[in-house]
Structures are given as C-alpha cells and as structure tokens.
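Below you'll find the structure, written out as structure tokens, and then a few comments.
Values in this document were obtained by computation on a predicted structure and should not be read as measured data. A note on names: the letters A, B, ... follow the listed sequences, proteins ahead of strands, and every chain is numbered from 1. Side chains are part of it too, since the values below use all heavy atoms of this structure and drop only hydrogens, waters and symmetry mates.
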Amino acid sequence: MKLTLNIWRQASTNASGSMQAYKLDGVDEDMSFLEMMDMLNEQIIRDGGEPVEFDHDCREGICGMCSLYINGQPHGPSNLTTTCQLHMRSFQDGDTIDIEPWRASAFPVVKDLVVDRSAFDRIIQAGGYISVNTGNAVDANAVPVEKKTADEAFDAAACIGCGACVAACKNASAALFVSAKVSHLALLPQGDAERKSRVLKMLDQMDEEGFGSCTNTGACEAECPKGISITNIARMNREYMSASIFGEK
Amino acid sequence: MSKFDSKVPAGALADKWTQYKSEVPLVSPNNKRKLDVIIVGTGLAGASAAATLAELGYNVKAFCFQDSPRRAHSIAAQGGINAAKNYQNDGDSNYRLFYDTIKGGDYRSRESNVHRLAEVSASIIDQCVAQGVPFARDYGGLLTNRSFGGVLVSRTFYARGQTGQQLLIGAYSALSRQIASGRVKMYNRHEMLDVVKINGEAKGIITRNLINGKIERHGGHAVLLCTGGYGNVFFLSTNAMGSNVTAAWKAYKKGAYFANPCFTQIHPTCIPVSGHNQSKLTLMSESLRNDGRVWVPKRKEDCGKHPSEIAEEDRDYYLERIYPSFGNLVPRDVASRAALYVTNEGRGVGKTGVAVYLDFSRAIKEQGKNRIEEKYGNLFEMYQRITDENPYEVPMRIFPAVHYTMGGLWVDYELSTSVPGLYALGEANFSDHGANRLGASALMQGLADGYFVIPYTVGNYLSKKISDPKVDINHAAFDEAENAVRASLDKLININGSRTVDDFHKKLGKIMWEKVGMSRNGEGLRWAISEIQKLRKEFWEDVRVPGTKDSKNQELEKAGRVADFLELGELMARDALAREESAGGHFREEYRTEEGEAKRNDEDFTHVAAWEYTGDNQEPIRNVEELVFENVELKTRSYK
Amino acid sequence: MNWITNFLFSSVGKKLIMSLTGLFLCLFLVVHMAGNLVLLDPNGARAFNEYAYFMTTFPPIKVASIFTMLGIAFHIIDGIVLSLQNQKSRPTKYAASKAGKSSSWASRNMGLLGVIIFFFIIIHLKSFWFEMKFGSVPYVEYDGNKVKDLHTIVMAAFKSPLYVLFYLISLAAISFHLWHGFQSAFRSLGFVHNKYTPIIKILGYIIAIGVPFGFALQPIAAYLIANGII
C-alpha cells in the first residue's frame, strides 16, 4: 500500500517543530506500524535525510517505550494495543496518517517523536514502592492475600508506564498512571504500612510535575493499552482525602 | 589452567555458599559510604543489585540506555520464576532444582554456582512478595505454582503471563526508593561505550548521553555489567530492539574472557517471519505444545494449499512420528531442529515456506473450545493480533527463534570477570545455565545475582579498597578510553557510505541464522567466519550513519552496536567450530548419534571455553576451564 | 493549618471543592425547579407571587441563598483555576485529535458549558432576582397582603420567543453539564462502588434530563400563556 505520513519533526527540546509530509510506497499490511516507520527511515537515509526519531524497544507490547499519537489517538486506532502491536492492516491504501509525539508540558519533546517521561520515574521515586530492604522479607506465604484482592492489585499493576493516559487526557493528567500504582500497593497487605504517606507523596509529586487534574472523562481508560480502569482514580482520590484529613500529619 | 581461578570455595556442595558468606570480609558502614559502584543495565540483575548495594550503603551510579530503568527487557519474560520453595509438597528441594538445572544445561555449567542459585531461589520469592509483586494465588490466599519446562515438580511462581514485568517493576521500585534517598544516581538514556582500566583493575566507564551526545567519564571502585544477552546478533530474535552486546564486548576487549558464546537458545514456538521488513519475533509460551500438534504436509506440492484442504493422511505429525514417547513435548532444542529440517526439505508452510503448523483442532474437538480458550485465550489473541488469523479455525504457524544466550562474560564464583573489579550479572554472564537454560530460570538467575550474590561477593573485593581514594577521572587511562570512543564515533559518522546500518545487521543475521543457528557444521562455520570478516570490512567502508554525534541519533547508536555484533558473530562461529560436540543449544551435525540426536563429548569438552581477546582482526585465544562434577552423574538425554 | 491549604490546593483538593459545590448546586437546582413548578398552577399569578414572596422573605431560605451564591462563586473560581492549569498542562495542542472516540463531548467541555451557564445566571439574576430586590416591581394585594407582582415581569419577559430560546439553550447546557458532572463528582470524591455507582449514574441522568426539562416547562408555558396561545 501507498501512504502519506504527516510526521512531527523537531530537532531538539528547545527547537520549534512542525508537521512534515512523507510519501511511502510498498507498505505491506502484515507489517507492524513500527516496521513501517523503520521502512520510512531506511528510505529517508538513502535519500540523504535524517531519519525520524521515535522511542521503541521490546516491540511486543510490554516495555511501554513506544509512544506515538497516531491519527488523533495514542497508540493508534486499535483498542488495548500499543503502537508496536498495531499492524498496517488497520489502515487502507492511500491513507494519510498523522503521527505526533505525546503532548504534555510534563513530557517535553526530546526530538521528533521522542518525549521525556522521566516525570513518571520521579513520581514512583516519591513513594511508589514498599520500603523493604533486601533480606528483610518474611516468608512469602506468611501473609495470605485474598484472591480477589490479589487479582485487583494485579490489574492495577499491569500498567506499563507508557503515558498514553496522559496523551489521551484533555488535561494531560497523570491520574490513571499514579492511581494504578497507588491502588496496586494500597490493596496489598504488604503495602499497608506506608499507605497514607505514599499517596500524599506521590500526588504532591504528580502536581509538581505539571500534569493537569482529572475531569473523569474516561479517555485514559479507553486509550490505555493495558485496560487500566479509572476506578483506580476514585480509589486514589479516596486514599488521598483520607490520608490528608485523617492522617496524623 | 593456571590462568583460571574460579574461586570455588572448598567444602561440601551444599555448604559452600554458607561457608563463603560467613568467612567473606565485610566492609564497615562508614567505609561503604566512601566506595562507588557503577552498575550498567537496570534489568532484573542490574536493578536488584543497584537497590541492594545502595541499601547496604554504597554509592551507586546506575546506567540504562532506555528512557527509564523500568523498560529493560527482563520485562518481556512471560512464563514465571522457579524457586525451590516446595510449597506444593511434591518433593522439591534445593538439590532437585540444582540437579534439574545442571541436567537441563547438558552438564556444561559449574556445580557450585548452580547450587548457590538453587539455595537463594526461595529468598527471591519472599523478597518479591514483600515488594508487592502480585504473584498468582489460590482461593486460600496463598501462592500457587505451575510446572514448567518438563520438570517433575511444580516450582514455578507466575504473575499471569507477565511475570518478568511484575518482577522488574518490583526491582525498579526498590531502585526508585534508593534513587529518592540519594544513594543511587540514575543515568537514563546513557550508553556505556567502554570500560576504563587502571593498573589492571576496572575503575570506571565511558558513556554517551544519548540525548545530547556528550561523552562522559564515570569512576568507581567496582563496575558491574548487567547488560543482558546478545541474541540480537541474529538480527531477528525475541530480544528487544535495543538489546545489545556492546558493554560485554567492550569488557571482552579490555581483557574479560567471553565464555561459551556459541551456546544460544532457540525457542520453538514463535510467530514466524512474515516478510523482509520484519524487525523482531514474538514468542508464545511453550505451554501451547501441551495441546497443539505440530505438523507439515507429507508432500511438498501440498504446501501451498490451505491447511483445511490437506487430508489427515497427507499430514506428517513429524514430532509424534520421530519421538513417539515425548511427541510434541520434546525439549526446545529438539523441537526447533526438527522444524528446521522439515522446512529445509521444502515442506514448510505459509507465504514464506518457513513455518510449521501447530494445530489445535483435535484438542478443541476433545476438550471443547471453551476449555482451550481458558488455557490459551491470551496467546490465541496475541497470535491473531499479529497474524490476523484465527487459531481456533486455522492452525497456528510457528517457527523457532533465537531467544536467550547462555554464553556471556566468564565469571568466577564471585561473579567477577577475569578483570579484577569488573563483574557480570544475569544473562550477561555465562555461569548458571550451561549449554541450555530451563524455562523460568532466567528471572531466577538475574535476581539471585543482584539481590543475594553480588552484595556479598563484591564486598570481598571492595573490602580491600577501603583506603583507596575516589577514582580520578582525569587519569590518563580515562583520556585514552574517551579518545578511543570519540575516534570510533567519528569514524562511524564520517564513512558516509551507501548502505544503512540495518542492511548490514540483516546480512549478519542471515549468516548467523543459517550457519551459526540451530544446526551447525564445520564447513558452514568456516564459511561464516570468512563471510563475517568480509561483511565487517564492508561495514567500515560503506555504512551510512546520518546526523551528528552531538545530538540524539538512533542510527549512530545502532551502528555502534552492529559494529560489535559483527565482531561477536565471528567469535560465536569460532566457538561453535572449536566445540566438536553437540550439547544443549549447540548442535553440530557431525556429532550426533546413529539416530541423529545430539551427541555430547564429555571426554574432551566437559569444559567452559573462555575466549581471550588478542587484538582487532587477530585470532583470540581459547582458554579452558574444566568442569568438575562431584555431585551428579553425566547422562545422555533421550526422547525417543 | 498548613495541611488544609496543601490539601485544598492539591489537584485532588481542588476537585473536591468542585464536586462538593457542584453537588450542592444540584440540590439547589432540584429545589428551585420544584418551586418554579407553581408557575404551572392554574391559579398562576397568585400562587407564583406568593411563592416568590415566601422565597425572598423566609429567613432560612435567605441563608440558603447566601450559601448558594457562595457555592456558585467557589465553583466558578475553582473551575477557572482548574481550567487554566489544565490548559497549561498541554501547551502544544495536537494537530489531529479523535478525542470523541474515547470520551463524551460533555465531559470534555465542562468549562465551555460552565461559561454558558455563567452568562445565563447573570442574565437570569438581572431579569428577575435583581428586579425583585432592587427594581420597581409593581405590587399586588392578596387578602390584604401586598406582594411584588413578579408574575407579570416573568410573563412579559417570556413573551419574547428569543428570550425563551435563550433559556432553552442555557437549559440544554445545564443538562450536558449535569450529565457528566453529577456522576463525575462522586468519582472525584472517591466514591466508586460496584453496586452503587450504576445507581448514581442513573440518578445523574435522571437529574440531568429531569431538572432542565422541569425548568423548560416554565418559559414555554409562560410564552404560550403570554402570547394567548393557551
């Protein structure tokens, strides 16, 4: 198939960028979207240009590195699918495809389609962990966890930290990402000791990074490649209010 | 053999590690604060080591090339993690896990290391659960296990099909906590480009900041390489796109031995290549072979037909035919080779003719679609997403793919390479899996090395360095290493040839896959060595790397990695050529039994081949560490 | 007291204020709408005027109206602050966006709807509340009680079809605002429950349709009566 690609090109964080059009012929429908991008880059290099930078690594939908905003949707048109698992059969011959980076002030563009998501790392560093030094652990079966709770915690823990929730949200809110981690650890008995301080620290960091607030539009859940539920956001709000109002500090 | 000291402690096998731990010199807390440790790679091994060493009080600098430490390729492991917990009361023990690992590795690993791995395995599960890793539980709220990879006990802990992800997030969160505390300084999007040695000891690394291209110097009292495997030398593999050998290769060139590079694991149930633009291969859990039947048409002429048009009597269920007792459940290497042979005969299926069928129609008929969906629903979905074919109706097409590399930097019992102060952990070292790795053991090894082994063993080395000052990064050795790195980057940028980096990588991959892949022979290996040499020469004359070295430049990153693969590939072929036997993932066509199966040569090859670098384009030296088996008896595998 | 400001100025705290004031205003709307239904009373003018007299003189109602004003003020100020911050969180917009695929129009346009409702409130207050308080509304006498004849003012206002149309559009905006806002407020307050959330959602939809519908009956009825159609 033959495609027209409108791609955001930006040389560096401080440079100004713009959409540029590329023609690509001979795209096979069995190719993944990123293989199509590879093909485009090979063409650009042969033509003496500079290839389009984009983030990707595992290409099997789990590392969370790929991050393209395709035709107005993070990770493109398929549900529960990361960019790397999107295939060209989702497009038609002759299509024009818009490809942009995630847009958020907390995710500055590094180059072209690559953005800096270290804000997510800093939120986790603020409290997205259980403080247990290596060797401190009790026997794994010492604390039973109700299966339903364990499953719920798992559902939240399935987040891959790609940032599609931020990209999808009209407010560029990170509520889904943060709440997934808050929920994961708040649900488990192992995470109980730091439950209050964790949610306070993580949310404060989230606000500091400049993410927007949550309007409960549900776009994050709809675009999340791992189907993380917005119920987690309500849980996070509850945890935060309870920690703020009833916490001793 | 005077070159080798594997530093295995004396004493009975089961007591060695306890003994070692009680005798190893300790570093006092106030001295730990003065010692810097550099850790390259933040997968299971790197993140767990960084977190643990920081908890102990060392100053840690951790590096990863991804945008976040959470993205390391450990994340992609699906199946699970083994541990000798014996929660199922089915007779598991440290010894059994040890024995299974040694046997599974075809008797090409070091007894003492493997036993230690089994000993610490149970603590890994405790640690991970305490971190909040949501392992599967049963209705009583306790952890559940499954049996994996043909062993007789259920010792595999799992978190749906995302065990690697959950374990990595656990290690990443422990690492994040230490970053917040200031004990770990994290460098994302940094690639290590050389090791710096001062007076024969590793004292630092040279890195490139991948965002702005800055070349940086980092000094430390010890350097830990946790940089994973080198499967991407084949271009197509189940590894992540960025997985590379560069860190290990630079270490090799600075004097660390590279052990058993030819031991690569090929996984039989991967989604086959669909076209020449394919960039990576996706693995599906081996459990599919429990219910799927593998077949190809009996006649070449039928290969183009739709599978439903091929009558039952015209199908060749070749695994069931050749291995009546194990059938479709033969080990990974046997299943992979059999698929290769039938496709070589021209009986492969699919558009490319390089695939075999994995057919669930009988299982669906016998057990019902619902039962099959329950067991494999997510895998079927993944298959359909990638191939656009419904495996409930049309047989899956599968083909083997490179998956894991057992070889790696040679390390002693303390995980130290042959360069003092330079350590290798996880898949980057060679130590625990011999010639073949068991399923669900990679995660175990990465975390064992990082959480429970290195904190003791690196202490032994660092206890002798407590009066050493901070490493001086203005030392001449740093100048030299940095200049070499700069020169090499300049060279790559300035060739300005006509072919892309991927073009070379694909050519290398093709040579490797065809001649240094599942089935190897002397002639093919010799051909591969000369072809790789030619290709390498062409690369340095004709590669085109666009852009500059002072900005984000993915092509330059790739070019550096491919340059190293072009050297590693040759070493793998040399190693495969020198190992005149068939063992585990290494199959030499000249060395097989009358029935055509792998034939080990225990008399001449019960050893580790540790290659020593002698200079560019010069023949490396093959050193040998004899493997001594005092606790197990060497047996031959049979699946007929 | 630092924790209070920290809490209320956090993103969750600001949403807490938004949802509490919002839910309070929902309550106000229900009561206001129910009261207004007296306009449909066959004994129209008198019932309505007496109702208006009661509403402007009964002390608890006066207190409640102060709270309502404050609620509206906080809801607006908080809304403005949140909108500005949210704008800042995405300085560069997407060239192409298919936001409609993953979220409802109302949920994405609460600010715009809020602005429409704000202008409506101003005009509405100016026309009736301000007139009632400070304007020169003629008096009528019922059983010896002199009350302001708001009914005549209302009838005069709704005689104009444009004015009725303006009301209907504004009520539609309120409907969309409530459609998303009611259930969203519970989410912001952290209230999500397998059993009760579906009920809240349905209740929200009933309020979002029922309240504006009830309100809409009044200008329509007034229009029909004032123009002698019925």
Side-chain angles (χ1 to χ4, degrees), chain A residues 12 28 30-32 34-35 38-39 42 45-46 49-51 53 55-60 62-65 81 85 87 89 110-111 114 116-118 120-121 124-126 128-134 136-141 144-147 150 153-154 157-158 160-161 184-185 188 190-191, chain B residues 48 51-52 55 66-68 70-71 73 75-76 85 87 123 125-127 129-132 134 137-143 159-160 162 165-166 169 172-174 176-177 179-180 188 211 240-242 274-275 277-280 282 385-386 388 451-452 455 500 502 544 546-547 551-552 554-555:
Chain A
S12 65
D28 188 86
D30 283 332
M31 285 163 74
S32 74
L34 294 183
E35 283 160 5
D38 291 341
M39 189 178 169
E42 292 285 294
I45 297 167
R46 277 194 299 271
E50 263 200 57
E53 297 268 336
D55 264 335
H56 63 103
D57 200 23
C58 80
R59 296 208 178 182
E60 49 186 286
I62 194 74
C63 77
M65 196 133 168
T81 302
Q85 297 268 282
H87 281 73
R89 64 181 80 96
V110 171
K111 186 174 181 184
V114 175
D116 176 2
R117 286 168 287 189
S118 53
F120 272 10
D121 284 334
I124 298 295
Q125 285 156 20
Y129 47 76
I130 292 171
S131 297
V132 52
N133 282 358
T134 304
N136 271 350
V138 296
D139 184 85
N141 260 348
V145 183
E146 195 193 348
K147 185 167 170 29
F154 189 101
I160 57 173
H184 163 209
L185 298 177
L188 293 172
Q190 286 83 4
Chain B
S48 60
T52 307
E55 287 161 10
Q66 297 92 342
D67 75 328
S68 162
R70 68 178 293 155
R71 313 229 189 265
H73 196 55
I75 206 162
K85 275 284 196 185
Y87 280 159
S123 308
I125 304 301
D126 299 340
Q127 186 63 31
V129 167
Q131 288 168 345
R137 289 175 185 271
D138 58 28
Y139 286 95
L142 301 176
L143 296 163
R160 291 185 202 159
Q162 308 163 16
Q165 184 204 10
Q166 294 307 323
I169 297 298
Y172 160 76
S173 67
S176 296
R177 176 170 156 245
I179 296 171
N188 298 346
I211 290 179
M241 301 303 286
S274 66
N277 288 304
Q278 185 113 9
S279 60
K280 92 149 255 160
T282 304
R385 200 196 305 281
I386 293 173
D388 202 27
Y451 281 136
F452 297 107
T500 64
D502 276 0
R544 173 182 290 187
S551 68
K552 179 133 186 42
Q554 283 172 352
E555 284 301 307

Among the options A/Ile130, A/Asp28, A/Val114, pick out the one with the most heavy-atom pairs lying under 4.5 Å from chain B. A/Ile130
Are A/Asp116 and B/Asp67 packed together at the side-chain level, in the sense that at least one heavy-atom pair is separated by less than 4.5 angstrom? no
Let me know if B/Gln162 has heavy atoms under 4.5 Å from chain A in its side chain, its backbone, both or neither. side chain
Choice from A/Glu50, A/Met65, A/Met31 maximising heavy atom contacts with chain B below 4.5 Å: A/Met65
B/Arg160 meets the side chain to side chain donor-acceptor pair (under 3.5 Å) criterion, sequence neighbours left out, with A/Asp155
Where on A/Ile45 is there a heavy atom nearer than 4.5 Å to chain B: the side chain, the backbone, both, or neither? both
State whether a side-chain donor-acceptor pair under 3.5 Å links B/Ser279 with A/Arg59. yes
Pick from A/Ala126, A/Gly64, A/Pro51: which one has the most heavy-atom pairs with chain B under 4.5 Å? A/Gly64
Does a donor on one side chain and an acceptor on the other come within less than 3.5 Å for B/Arg177 and A/Ser131? yes
Please classify the contact between A/Val138 and chain B as side chain, backbone, both or neither, with a heavy-atom cut-off of under 4.5 Å. backbone
Using a strict threshold of under 4.0 Å (side-chain N to carboxylate O), is an ion pair present between B/Lys85 and A/Asp139? yes
Most heavy-atom pairs under 4.5 angstrom with chain B, which of A/Ser32, A/Ala158, A/Gly49? A/Ala158
Residue part contacting chain B, namely of A/Asn141, when any heavy atom lies under 4.5 Å: both
Among A/Thr81, A/Val110, A/Asn133, which has the most heavy-atom pairs under 4.5 Å with chain B? A/Asn133
Can you say whether A/Met39 sits under 4.5 Å from chain B via the side chain, the backbone, both, or neither, judging by heavy atoms? side chain
Hits for salt bridge (Lys or Arg N to Asp or Glu O under 4.0 Å) against A/Arg89, two or more places apart or cross-chain, chain-then-number order -> A/Asp30, B/Asp388
Pick one of side chain, backbone, both or neither for A/Ile160, based on which atoms fall under 4.5 Å of a heavy atom in chain B. both
